[in-house]
Amino acid sequence: MHKLYLQYKSVSVYSAVAMAARPLAELITAPDPSRRVSCAAEVFRAVADSGCDSTGEWVKKLVLADDNPFSRAAARGERISPKIKTQVQNELLTFKQLSLVKPSEFAGDEATFFPQFGFGGFSITYDGLLQSYANNGCGILSGGDSFVYRDGNFKAAATRSEKLSDLKGYIEEKYEIEKNTKSFVDGLPAFHTLLYGERGMGKSATVRAVAGEFGGRLKLIEIADISELTELVKKIRGLKQKFIIFADAVDLDAWQSSRAATDRVLDGAPDNFLVYCTIDRARDSEGRIDRARDNEGRIDRARDNEGRDALSYSQSELALFDRFGLVVTYLSPDSDGFVDILKQILRSRAIKWRDEYGSIAELAARKKGGRSPRAAKQIADLIECTYAQKRCD
């Protein structure tokens, strides 16, 4: 046991993991029953807090998420020096041996209340570790598919369950973004993308849903400040994973203030990341921008383009459009399109359509200042609430 403790003290690459596993290592050299019980209690609590069943699974989880020179190099596919490789292999062996420490060997007379943590289960190999870092990254980026980047730091974001099929309307717009994203994850040419339109049209929801459709193949990183784009790119460039950097509701003034640095990012050939931005356009003088559609509800491309040409874009907006290889415009639906979105939402909730709902929708849209999928969802919530109350009555 003394030799194993010395091996533990020699851990250097995975020093943070060694620090976390300190109670397990000190258990084997604890000088008295009180210290042994205390160490075992710390190990039991750490394993439980990690959501694992054994010390091996717990330490393995720590190793896979660790951010160190070796894991960063592996995540980028860089050459690993023979000395680093040997050290890592030795440390993995040490962690495996530590995971086999049985609490029963140290319980003594305290067996009736000695914390009986699970042991064993450390199964990661050196080659498996390399593959894991290449596939999933290291540090906090290895722990999921959705993150927020703020003030130079990453933070895990809540996983969103909304799918593209849950978003009603805007079929062609969603298709363009999904197709571009699929090309990116498949290693084909793809474009930085701007989603432009009024608030509430589903631009942000589309980006998040598209990223969710490719969960496991790419990671979404949302930035709160466009000025942080350059520093973020420096941190992820070269990693083997693919990223969508998402800047939501970008302010044109903020864009202009960091334009030179941002333009350099967008002008470069996409490597392991794409930038997706949304820009909110203020409503027109009538409070809406109607989208031209044919009699079957499909977008009339000729009339739609005429409508876009008639819009007055600022010089800042036009300059911004030029920075992106793909610009997808979200315009407010006309009356029929708005009602159709509401019908789809209610159908997905198993609520039978009634003609009066159309009138309710138009009245509510006027009060809200325009038609949008967000407004349609709010109306559907109100109808569902009323519908449920009537069924209870």
*Would you sort out whether Leu27 and Arg36 count as a side-chain contact (heavy atoms from CB on, under 4.5 Å), showing the intermediate values?*
CA-CA 5 Å; Leu27 174 61; Arg36 287 195 293 271; 4.0 Å; yes
- Kindly state whether the ring of Tyr196 and the ring of Phe321 have centres lying under 6.0 angstrom apart. yes
Under the 3.5 angstrom rule, does the side chain of Glu213 hit a backbone N or O of Leu164 as a donor-acceptor pair?
-> yes
Lys9 atom NZ, neighbour heavy-atom count above 12 within 6.0 Å: no
Quick check on the 6.0 Å ring-centre criterion: do Tyr126 and Phe70 meet it? yes
Value for CD (Glu198) from CZ (Arg371), rounded to nearest 0.5 Å, stands at 10.5 Å
Check: residues 10-17 side-chain donor-acceptor pairs under 3.5 Å, at least two apart:
from: Ser10; atom 1: OG; to: Gln7; atom 2: O; distance (Å): 2.6
from: Ser12; atom 1: OG; to: Gln87; atom 2: NE2; distance (Å): 3.4
from: Ser12; atom 1: OG; to: Glu91; atom 2: OE2; distance (Å): 3.4
from: Tyr14; atom 1: OH; to: Tyr133; atom 2: OH; distance (Å): 2.8

Query - Ser146 side-chain N/O to Ala157 backbone N/O, donor-acceptor pair under 3.5 Å - result: no
*Salt bridge or not for Glu178 and Lys174, using N-O below 4.0 Å?*
no
The residue among Ile236, Leu232, Ile244 that forms side-chain contact (heavy atoms from CB on, under 4.5 Å) with Phe273 is Ile236
In this structure, CZ of Arg45 is separated from OG of Ser50 (nearest 0.5 Å) by 12.5 Å
Pair Phe106 and Phe114, ring centroids less than 6.0 Å apart:
no
task = Consider only side-chain N and O atoms of Asp127 and Thr125, and report whether a donor and an acceptor are under 3.5 Å apart.
result = no
Is the shortest distance from a Lys or Arg side-chain nitrogen in Asp248 or Arg208 to a carboxylate oxygen in the other one below 4.0 Å?
yes
Rounded to the nearest 0.5 angstrom, the OG-CD1 distance for Ser372 and Ile341 is 8.0 Å
- Would you check if the side chain of Glu384 reaches a backbone N or O of Leu346 as a donor-acceptor pair within less than 3.5 Å? no
One should read off an interatomic distance between Tyr170 OH and Thr206 OG1, to the nearest 0.5 angstrom, of 9.5 Å
Any salt bridge between Arg349 and Asp381, counting N to O under 4.0 Å?
yes
task: Indicate yes or no: does Lys234 engage Glu231 in a salt bridge with an N to O separation below 4.0 Å.
output: yes
Please check if the number of heavy atoms outside Phe44 that lie under 6.0 Å from its CZ is greater than 12. no
Practice problem: Establish, from distance only, whether the side-chain atoms of Asp340 and Gln344 form a donor-acceptor pair under 3.5 Å. | Solution: yes
- Query: With no hydrogens and no angle check, is any side-chain donor or acceptor of Lys61 less than 3.5 Å from a backbone partner on Cys52?
  - Reply: no
Less than 4.0 angstrom from a charged side-chain N to a carboxylate O is my criterion; do Glu42 and Arg35 meet it?
yes
Checklist line | Salt-bridge contact Arg150-Asp225 (side-chain N to carboxylate O under 4.0 Å) | finding: no
- Item | Ion pair check, Asp145 and Arg217, cut-off under 4.0 Å | no
Rounding to 0.5 Å, atoms CG (Leu24) and OH (Tyr8) come to a distance of 9.0 Å
>> Counting neighbours of CD1 on Ile171 that are heavy atoms of other residues, nucleotides or ligands and sit closer than 6.0 Å, is the number greater than 12?
In response: no
#### Entry: Any donor-acceptor pair under 3.5 Å from Thr86 side chain to Lys83 backbone
no
Practice task
Give a yes or no answer on whether the side chain of Ser132 reaches the backbone of Gly128 with a donor-acceptor pair at less than 3.5 Å.
Solution key: no
